[in-house]
Amino acid sequence: MPGGPGVPPPTRPPSTPVIWLLAAGIVLSLALVAFLVWLTVLTPRPTSGAPTATLTVITATPETAAPTQAPGSPTPEATATPPPAPPTEPPPTPPPGQIAIGARVQVVGTGGAGLSLRQQPDPNAPRLAIAAEGEVLEIIGGARQIAGYTWWQVRRGDGVEGWAVQNYMQVVP
């Protein structure tokens, strides 16, 4: 016996079975995948062009502070008065022959296929409608340079609004 008589043989620490190490690695990998899925798919993201919420804080000034109330009387509820809406003005008249907000344009050069009106100024955005060759549209927003195209927000005569590529529009005189 090594170490002499009466000396116990050296002991080895217990080894962790390989299966436990593999199970721990799989569990950690699944947790990482679940976190990445949650981060990329389930976390809401603002869409481009979508309206964003604006927080307005209304504070009282000495001129508008509520009068002091007697103890025990009910507290009136505060109401905020929204600011008056700015007066609406008609859009400026665009220069002749130039596409601008307020201009009326005609769909041209589509070979009869029509002009796609899309939800966003992006060739991959969902199509809302197709404006027929020769149809007259009103420019209500734009111009945006996206994916190599100039996009304008347009409105059809039936009220449908969408984004369309400038290449297939000509100003109506």
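What you are looking at is a predicted structure, and each value in this text was computed from that prediction instead of being measured.
- Side chains of Asn167 and Tyr149 form a contact here, defined as non-hydrogen atoms less than 4.5 Å apart.
- Using a 4.5 Å heavy-atom cutoff, the side chains of Ile99 and Gln166 are in contact.
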Note to self: Pair Arg104, Glu138 - check salt bridge (charged side-chain N to carboxylate O under 4.0 Å, His left out), show working.
What the structure shows: CA-CA 5 Å; Arg104 291 171 27 96; Glu138 178 187 0; over 6 Å; no
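- Closest approach of Ala164 to Met169, counting heavy atoms only: O-CE, 3.5 Å.
- Across all their heavy atoms, Gly142 and Ile101 have their closest contact at O-CD1, 3.9 Å.
- Checking Val105, Ile139, Val165 one by one against Trp152, the side chain to side chain contact (heavy atoms under 4.5 Å, CB included) holds for a single residue, Ile139.
- In terms of modelled atom types and a separation under 3.5 Å, the side chain of Gln170 and the main chain of Val107 share no donor-acceptor contact.
- Under the 4.5 Å side-chain criterion, counting only non-hydrogen atoms from C-beta, Arg156 is in contact with Glu135.
- Residue Val160 comes nearest to Ala129 through the heavy atom pair CG1-CB, 4.1 Å, listed as atom of the first residue, atom of the second, then distance.
- At least one donor-acceptor pair under 3.5 Å links the side chain of Gln106 to the backbone N or O of Gly134.
- Distance check: Leu30 CG to Phe35 CZ gives 15.5 Å after rounding to the nearest 0.5 Å.
- Using a 4.5 Å cut-off on side-chain heavy atoms (C-beta onward), Trp151 and Gln145 make no contact.
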- side chain to side chain contact (heavy atoms under 4.5 Å, CB included) between Val154 and Leu117: does it pass, once the steps are laid out? CA-CA 8 Å; Val154 297; Leu117 305 185; 3.5 Å; yes
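- Judged by distance alone, the side chain of Arg127 and the main-chain N or O of Gln119 form no donor-acceptor pair under 3.5 Å.
- Side-chain contact check for Leu115 versus Ile130: every heavy-atom pair is 4.5 Å or farther apart.
- Although no hydrogens or angles enter the test, the distance criterion places a donor-acceptor pair under 3.5 Å between the side chain of Arg118 and the main chain of Ala125.
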